[in-house]
There are 2 protein chains.
Amino acid sequence: MVVVASERAASREPKYYLVKRHLLDLIAALPPGTLVPTERVLTVELGTSRTTVRRALSELVGEGRLVRRHGSGTYVAEPKITWPLQMTSFTEQASASGYSTSTRLLEATRTRADEGIAARLGLRVGASTYFIERLRLVDDTPMAVETSHLSAARFPGLIPELRKKSSLYGVLAENYGVQPVEAEETIETASASPREADLLGVDTGSPILLLGRHSFDVDGQPIEYVRSWYRGDRYTFVARLSAHRQE
Amino acid sequence: MVVVASERAASREPKYYLVKRHLLDLIAALPPGTLVPTERVLTVELGTSRTTVRRALSELVGEGRLVRRHGSGTYVAEPKITWPLQMTSFTEQASASGYSTSTRLLEATRTRADEGIAARLGLRVGASTYFIERLRLVDDTPMAVETSHLSAARFPGLIPELRKKSSLYGVLAENYGVQPVEAEETIETASASPREADLLGVDTGSPILLLGRHSFDVDGQPIEYVRSWYRGDRYTFVARLSAHRQE
DNA sequence: TGCTCAAAGTTGTCTAGTCCAATTCGAGAC
DNA sequence: GTCTCGAATTGGACTAGACAACTTTGAGCA
């Protein structure tokens, strides 16, 4: 085995990354839906083990470049979908972009605030709160799992209303006269738990874009605390920013 | 080993996830810097293979819960750092939060615009552009790798100025009278290439938060196109949004 | 022609192990 | 006491293979 002289201390490329680059070259010009060679074929073609091939494939699946179908094969993926990141309601946000969206209410129960939720909603620990879990779909494909927490004392009878109207922001405005005027959004990477993976139709451990929204009314009172687990392999978020303050 | 009866059809939990939950329980109450059991110890304690243990560990490292040090051990990680996501300059952004920041200029060269860059900068393919690559550090620890693309014709002599002053926004304002007033930000997940991994001090394939910024001047002319690869294991981004338009 | 079902092919999960690379630490030399 | 160096320990990369779960296909049958 020939070793490159004066190897950079930097960037020692693992073998799986060579496989990954090979696959990227291969799929660069292929249309979505094209079948790529099977794992065992790649194994012999590239003189490596299946574990190494699978590591490269998994990374490309996580990046939204490939899709694996159990028992069938591995295919070139559709390009990522660009999704607006605004503080507007989910339903309108999407229909404006030409997508058909829907929501499945997974859970809507009363529970007691733990330390984190109590602090964010301005309640004491153990106070009664709603826990709402919804699945967001775009063109009938799961996009995100969303959990919301709200004060039960502040919004009595919320759950039956929500089951009727389905739009949470609509219910808050019409039934309680509450509108969020400010919000703190947090963004981080995460990985899918088995439950999230199952709901989103991805593998456990898949990359997730985790968005948090902590919204407040005109008096600065917290309204809700939401966390949304978005498929990291299918969505790119976009926000338009205007520079009021700029240096 | 006891197996739970009547397994749910949904959410079939892989064995590595059991290991992961075991580790999460273990580290929940431990302070950052605490040593966790070695991979080989976990292997025998949990009756599994080292591959399975390593998968659980890798996921926890990617989530910023653990840190691995080659030859030394695996440790409980520091909590993530919350970082403001604003359109202001990097240097001020941070010192306001009490962090000491610095930038290392990795590359600053002239090159020719490919299709993507040309479209974004409003140039023809092959037009002369600057390629600027910088490493952003917080308290002397790498935070992000940042690449910028600008029109060379529009900002003649930019590179020597940049080497003197180091703040790109400062140079653009003082030397060229240009200020970004609007920008389109994109956010997505990615995984670290060997080069990025090396610069950021993480493993190849680690989760990355990839931010893009496409900024425009007061006339709507594109100024620059920047992409920043942030360590996904160490940073949570936060943005305050005011609802001018709200429904 | 249309249906059934078994076989083949593909990805998913997990195991057991080898060898390498970096760190740590103590015995021994000075 | 201090330093050096090698052994032990730890994480990193990779291999070869077993078996399970799911899909596809086509031979055989009605």
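Just so it is clear: chains get the letters A, B, ... in the order the sequence lines come, proteins before strands, and each one is counted from 1. All of these numbers come straight from a predicted model, not from anything done at the bench.
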Undergrad: So, the side chain of A/His214 versus the backbone of A/Arg120: is there a donor-acceptor pair under 3.5 Å, distance only?
TA: yes
Undergrad: Can you tell which of D/dT10, C/dT15, D/dT15 lies closest to the side chain of A/Lys15?
TA: D/dT15
Undergrad: Between the side chain of B/Thr189 and the main-chain N/O of A/Gly232, is any donor-acceptor distance below 3.5 Å?
TA: yes
Undergrad: Over how many whole Å does the gap from A/Arg68 atom CZ to D/dC22 atom C1' extend?
TA: 14 Å
Undergrad: I want to verify a distance call: between D/dG11, D/dT15, D/dA21, whose nearest atom is closest to the B/Thr74 side chain?
TA: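 It is D/dG11.
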Undergrad: Describe the nucleic acid contact of A/Arg54 in one word from base, sugar-phosphate, nothing, applying a heavy-atom distance below 4.0 Å.
TA: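 Base contact - A/Arg54 has a heavy atom under 4.0 Å of at least one base atom.
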Undergrad: For the side chain of B/Thr52, counting heavy atoms from C-beta on, which of C/dC14, D/dC14, D/dG12 is nearest?
TA: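 Nearest listed nucleotide: C/dC14.
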Undergrad: Are side-chain N/O atoms of B/Arg68 and B/Ser58 paired as donor and acceptor at under 3.5 Å?
TA: yes
Undergrad: Between atom CG in B/Leu57 and atom C1' in D/dG12, what is the gap in whole Å?
TA: 12 Å
Undergrad: Look only at the side chain of A/Ser72 and the backbone of A/Arg69, and say whether a donor-acceptor pair between them is shorter than 3.5 Å.
TA: no
Undergrad: Return the value, rounded to whole Å, for the distance between atom CG of A/Leu46 and atom P of D/dA13.
TA: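 Rounded to the whole Å, the gap is 19 Å.
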Undergrad: Considering only C/dG12, D/dA13, C/dT13, which nucleotide approaches the side chain of A/Arg55 most closely?
TA: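 The listed nucleotide nearest to A/Arg55's side chain is D/dA13.
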Undergrad: What is the separation between atom CZ on B/Arg69 and atom P on C/dT23, rounded to the nearest whole Å?
TA: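 Atom CZ in B/Arg69 sits about 10 Å away from atom P in C/dT23.
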Undergrad: Rounded to whole angstroms, how far apart are OH on B/Tyr16 and P on C/dG12?
TA: 13 Å
Undergrad: Quickly work out the B/Leu42 CG to C/dA16 P distance and round it to whole Å.
TA: 16 Å
Undergrad: Give one of base, sugar-phosphate or nothing for B/Arg50, where a contact means two heavy atoms less than 4.0 Å apart.
TA: base
Undergrad: Quick one: which of D/dC14, C/dT24, D/dT10 gets closest to the side chain of B/Thr38?
TA: D/dT10
Undergrad: Closest to the B/Ser72 side chain: C/dT23, D/dA21, D/dG12?
TA: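 Of C/dT23, D/dA21, D/dG12, C/dT23 is nearest to the side chain of B/Ser72.
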Undergrad: Under 3.5 Å, is there a donor-acceptor pair linking the side chains of A/Arg136 and A/Thr103?
TA: yes
Undergrad: To the nearest Å, give me how far apart CD (A/Glu13) and P (D/dA13) are.
TA: 12 Å
Undergrad: Nearest to the side chain of A/Ser49, which nucleotide is it out of D/dT10, C/dT15, D/dT15?
TA: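 Of the candidates, D/dT15 comes closest.
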Undergrad: Could you state the CD-P distance from B/Glu39 to C/dC20, rounded to the nearest angstrom?
TA: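 That distance rounds to 18 Å.
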Undergrad: OP1 or OP2 of D/dT15 less than 4.0 angstrom from a side-chain nitrogen or oxygen of A/Thr48, does that happen here?
TA: yes
Undergrad: Using a heavy-atom cut-off of 4.0 Å across all strands, would you classify B/Thr51 as base, sugar-phosphate, or nothing?
TA: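 Contact class for B/Thr51: base.
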Undergrad: For A/His70 and for B/Gly71, locate the closest nucleotide of DNA chain C by heavy-atom distance; then report the residue assigned to the nucleotide nearer the 5' terminus.
TA: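 Whichever sits nearer the 5' end wins; that is A/His70.
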